[in-house]
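The next block holds one structure in the form of structure tokens; read it before the comments.
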Amino acid sequence: MKDLIEHVVIFISLLVSTRADEVVYAQVGERVTLKASLNTQNKYLYWKSGKQNKQLAWRNPLGGSGLGEHIPKGQYTLSGDTLIINNITEEDFGNYICEVKNEQTTTYQLLRHSVNRKPQSPLLPGDRLFLSCDADAPTGHKPPEIYWVNPQNEIITDNLKNVEATSEHHGQWTCVVKNINKEHNATVDVTVVGLSPAPSHPLYTSKSSPLTIPCTTSVSWEQFRAKGLLEVYWEFSHKESSGAISNSRQRLFNLSLEDRLSWKEDTPNGFKPVADLQKGKLSLTRKQGREYDRGDYNCTMKFKNGVELISTVQVEVLNIIASPGIVLNSGQELNLTCGHNLSSDLQLKWTAPKQSSYSESDPKGPHFTIPKVGTEDSGKWVCELWRNDTKLTSDVIKLKIEPRLSVWMLVTICSGAVIVILILIVVFILYRRRQRKMRHLRHRLCHCKNPKPKGFYRT
């Protein structure tokens with residue numbers, strides 16, 4: 001009976017001296033640090049393996065430390081009171097005990113956290129994708145919470161099982177294991193061979209602004225070739241004034257897929273490919289937009305299995321139209337129009353010449369009318385297109401307003417014209433008189449039938 005009581009007392013003392021487990025998650029190949037949660041200053045510290053029940057490392061109050069016997073070099077490191085496990089293998093998962101002499105002990109559960117992706121090779125849009133995340137359940141604790149964070153930083157609660165890959169799956173996926181307010185993240189990269197998404201809004205340009213049509217990819221050309229890339233090209237479909245897209249397409253550029261990548265121009269249109277083709281930049285650019293640039297631009301990739309990747313960029317051209325023209329006389333009515341079928345999230349801002357009376361009011365809207373223009377309205381008129389606080393583009397038009405002719409100006413002009421006409425008449429009359437006088441003189445000198453030559457004669 002006495003022995004039984006002693007065993008019970010020892011068991012109770014062990015329970016009291018042992019702290020609750022701490023749960024730590026890790027992946028194979030990671031580096032894990034287990035930090036003692038007790039006060040170890042001036043005390044003996046021992047790290048032990050719960051699975052193999054052997055001493056891994058120790059430290060004494062005098063500063064001496066070392067690893068246990070038969071511990072592989074580089075597998076464990078003791079830094080202060082922290083045990084570092086390098087390059088974790090499957091055999092390293094299990095319990096670890098931190099023991100402080102004459103103090104409590106702490107047990108760490110080192111559990112496996114794994115992610116799996118199938119297939120491992122890059123994917124084309126439409127290929128099947130599998131993503132799974134698993135974590136061991138801790139002993140004596142609730143099962144952990146597991147969820148994914150996709151490349152768009154959105155939370156996905158379920159694994160991806162046989163889903164159709166799209167460009168949105170491309171990027172880094174993070175599997176989060178959350179247990180007792182602690183998190184462990186495991187990442188996996190998913191490569192979907194494709195083009196970057198086209199802008200969700202149309203691109204706006206003008207004859208006063210440059211134009212760049214974007215098309216990029218984040219994967220290497222070796223990955224494209226491995227998936228059977230056949231051709232890469234740009235096409236353009238013009239947008240008519242009615243808003244309809246033309247059925248005919250112009251092939252602008254075609255990419256040569258030889259060892260040295262290069263663009264070949266099919267239809268001259270003033271565009272030039274941007275630099276850094278090796279970095280996946282397929283964009284086109286031009287210093288100034290043109291009115292004919294309105295339409296759809298397709299950046300297309302074709303593969304051997306029939307898959308086509310197309311990034312369509314819509315382009316609109318901001319253009320100021322002055323009616324009846326840009327050269328007017330004072331007093332004429334002028335209509336200015338800027339923009340065509342603008343969406344509700346777009347705003348137009350006009351800027352009049354400084355000397356114009358309209359510069360203070362800053363006219364707005366796509367249509368603007370000046371009932372009677374004056375010479376003070378001459379100069380540059382600017383139309384700017386904005387989306388919220390972002391300026392998209394602008395166009396400039398220069399007006400020339402001639403002054404109005406007054407009655408005195410008309411009298412002066414007419415008088416000048418009459419004087420010029422009278423001078424011409426007088427000059428003409430004098431010229432006619434001189435012509436007549438010359439003819440009469442020649443007639444008087446030449447009345448002899450056989451005139452003798454001039455000179456000296458003998459009598």
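No hydrogens, no waters, no symmetry mates; every other heavy atom, side chains included, goes into these values.
Atom CG of Asp345 and atom CG of Asn388 lie 7.0 Å apart (nearest 0.5 Å). The CD atom of Glu235 lies 8.0 Å from the CG atom of Leu252; values are rounded to the nearest 0.5 Å.
A salt bridge does not link Glu291 to Lys207: none of the charged nitrogens lies less than 4.0 Å from a carboxylate oxygen. Electrostatic pairing of Arg294 and Glu240 does not count as a salt bridge here, judged by no charged N lying under 4.0 Å from a carboxylate O.
Each of Ile425, Val427, Val426 was checked for a side chain to side chain contact (heavy atoms under 4.5 Å, CB included) with Ile429, and the lone residue meeting it is Ile425. The side chain to side chain contact (heavy atoms under 4.5 Å, CB included) test with Leu129 singles out one residue from Val192, Val190, Thr166, Asn162, and that residue is Val190.
For the pair Lys398 and Trp381, the cation-pi test (distance below 6.0 Å, angle within 45°) is failed.
For Arg433, the CZ atom is loosely surrounded, since the number of other residues' heavy atoms within 6.0 Å does not exceed 12. Around CG of Asn153, the count of heavy atoms belonging to other residues, nucleotides or ligands within 6.0 Å does not exceed 12. Dense packing is recorded around CZ of Arg251, with more than 12 heavy atoms of other residues, nucleotides or ligands lying under 6.0 Å away. Atom CD of Gln152 is surrounded by more than 12 heavy atoms from other residues, nucleotides or ligands within 6.0 Å.
Closest heavy-atom contact between Tyr233 and Trp263: CA-CZ3, 4.4 Å.
A perpendicular orientation is assigned to the rings of Phe236 and Tyr292, their planes being inclined by more than 60° (bins at 30° and 60°). Below 30°, between 30° and 60°, or above 60°: for Trp173 and His169 the angle between ring planes is below 30°, a parallel geometry.
Side-chain atoms of Gln278 and Arg260, non-hydrogen and from C-beta on, never get closer than 4.5 Å to each other. With contacts defined as side-chain heavy-atom distances shorter than 4.5 Å, the pair Lys264/Phe253 does not qualify. Between Ser283 and Ile213 there is no side-chain heavy-atom pair separated by less than 4.5 Å.
Sorted by first then second residue, the salt bridge (charged side-chain N to carboxylate O under 4.0 Å, His left out) pairs that include residues 179-204, not counting sequence neighbours, are Glu22-Lys182. Among pairs with a residue in residues 116-130, those fulfilling salt bridge (charged side-chain N to carboxylate O under 4.0 Å, His left out) read Asp127-Lys227, Arg128-Glu164, at least two apart in sequence or across chains.
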Assess the residue pair Asp81 and Lys35 against the criterion (salt bridge (Lys or Arg N to Asp or Glu O under 4.0 Å)); give the C-alpha distance rounded to whole Å, side-chain angles, the decisive distance to 0.1 Å, and a yes or no. CA-CA 6 Å; Asp81 57 3; Lys35 183 175 177 59; 3.6 Å; yes

